[in-house]
Novice: 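Below is the structure I would like to discuss, written out as structure tokens.
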Amino acid sequence: MSDRGDGDWPVLVKLQLIPNALGNIAVLEASKQLGFQFRRAFFLTDLPNGGRRMPHAHKALRQCAVCLRGAVTIDVEQNGERRSVRLDDYGTGMILEAGRWHEFYDFSGDALVAVLAADEYDESDYLRDYADFRAWETRRAPDRVPYVTLERQLAALENPVEAAITSVIRSGVYIGGAPVARFEAAFAAYCQSAHAVGVGNGLLALSLALRAAGIGPGDEVILPTNSAIATALAVSDVGATPVPVDVEQDTGLIDVAAASARVTARTRALIPVHLYGHPADMDPLRALATEKGLFLLEDSCQAHGARYRGSRTGSIGDAAAFSFYPTKNLGTIGDGGALVTSSAAMAATVLKLANYGTRARYDHELIGTNSRLGPLEAAILGEKLGRLDAWTDRRRAHVARYASGLQDIAGLQLPVARSWADPVWHIFPILVRDERRDALEAHLQAAGIGTNIHYPIPIHLQHCYRDMGWRAGEHPVAEQRARELLSLPLDPMHTPDEIDFVIQAVRGFFKGR
Ligand SMILES: *Cc1c(COP(=O)(O)O)cnc(C)c1O
């Protein structure tokens, strides 16, 4: 609501007047007309004729003023431009956006002004000094960039998300129910697949799929050593043996030749990971899986909406696991996950396994577990799913901005996209040459820029797997990436200015040498 364009501010809203023989009812609907829910109402009254009130601005608070009786003039200023509105009829409300200097003056002696405020009183939200306000307003250039900005996504969806949460609370149904079924159907369609089963998290989506495929003790499962630990933990969870393999130098994705070389008589499954939102090379992996009779499970926890040769991830393997952990491209406000598959039998088995192995109520056919997607999480995901492609476009724009801003730096290797891939860029990983990664990380941290490393320790060198007999040096490409990789801030809600701020800080580091 705050971005209506500069041409038409301040925004005036019309109250609906419902006249009848006994008088008028004047109605203002918060979610439809104000663009915010109000949490506080107050009134200005008993003002001296011609009086004025202290001008000020709010950093975040949005308000709407309605002059119920009499008249008042309100001045609003942004970027040095001032506009004034005379409110003299109760049929019109005036939106007071955050970040605008405003002043109420020239009250008529009988004026009664109602103000609807989006939040409770908070002194720290006030800017009472005009010079402070101008300094605050012109401080447009960012002075720090958080690694992710998840709260901005929900702020952009404030009303629909709050409405969805409220409707779950009012429904009285707190496990399963319509929001989960609706989201599962929408997400399956989004993935161009037949079934999506909501589960508790991405790790359980992987391990329940392996269990449903009958994989367990004595079986080997091949996966890239450069991945989130959950990829391997899912295999351990079902009692099978993870077999980590090395990755491609430029993409960090599973090396198909390395995978093929590790297939034994005990191999039962392959888990390619669509790491950083870039799909793995699925055609040769499918050929290998078909030739050796392996279950092909996509770890798509970082790749919601990515495409491989035009097909969405989640629609390519025998099954695919997604995570809705908050930082993922599609994330909720807690844990969540989904198993996506075109196989009705696989979907039905995972659904049972995730619900105590239940066939019908209290009839337990399988030794299942409890791993469900909750209706609150599903309701939020449903609202966010409608924005996902737009947010992916913003990720892509940020990546293009990074690429053009950093491409000429000799000490860096930027991520690449294969010709057949439409990546969704969960992460923007750069490789820093000459053992300068840690120094660049410290330099960016000192500049107020959040970074991350995906991943500092490959799976085959993790402590929890120390008894597997895996050695340092076994997967040299992944080990080198672990020393060189740095993930720069990349969130759809970052602004181009914030990305430029990061680019300048990276350039400053290399210029300084
Ligand atoms: C996040 C992630 C997982 C695990 O998902 P959770 O929901 O956190 O359990 C698995 N694999 C990859 C590649 C991930 O990024």
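Numbering of ligands and ligand atoms starts at 1, following listing order. For this chain, numbers begin at 1 and follow the sequence in order.
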Novice: List the residues meeting salt bridge (charged side-chain N to carboxylate O under 4.0 Å, His left out) with Arg437, not counting sequence neighbours, and say none if there are none.
Specialist: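 With neighbours one apart ignored, the set is empty.
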
Novice: Between Trp420 and His278, how do the two ring planes meet: parallel, tilted or perpendicular, split at 30° and 60°?
Specialist: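 Trp420 and His278: perpendicular rings.
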
Novice: Do any nitrogen or oxygen atoms of ligand 1 lie under 3.5 Å from a protein nitrogen or oxygen, and which ones?
Specialist:
residue	atom	partner	partner atom	Å
ligand 1	5 (O)	Ser323	OG	3.3
ligand 1	7 (O)	Gly202	N	2.7
ligand 1	7 (O)	Ser323	OG	2.6
ligand 1	9 (O)	Gly202	N	3.3
ligand 1	9 (O)	Leu203	N	3.0
ligand 1	11 (N)	Asp299	OD1	3.3
ligand 1	11 (N)	Asp299	OD2	2.8
ligand 1	15 (O)	Gln302	NE2	2.8
ligand 1	15 (O)	Lys328	NZ	2.7

Novice: Are Asp318 and Arg286 within salt-bridge range, i.e. N to O under 4.0 Å?
Specialist: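 Answer for the salt bridge query: yes.
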
Novice: With sequence neighbours excluded, tell me which residues meet side chain to side chain contact (heavy atoms under 4.5 Å, CB included) with Leu150.
Specialist: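 By the side chain to side chain contact (heavy atoms under 4.5 Å, CB included) rule, Leu150 matches Val148, Gln153, Pro326, Thr327, Asp491.
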
Novice: Could you check whether Arg507 pairs with Asp408 (Lys NZ or Arg NE/NH1/NH2 to Asp/Glu carboxylate O, under 4.0 Å)?
Specialist: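 So Arg507 pairs with Asp408 through a salt bridge.
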
Novice: Holding to salt bridge (charged side-chain N to carboxylate O under 4.0 Å, His left out), I want the full list of residues that pass it with Asp219, two or more places apart in sequence or in another chain.
Specialist: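 Asp219 satisfies salt bridge (charged side-chain N to carboxylate O under 4.0 Å, His left out) with Arg268 only.
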
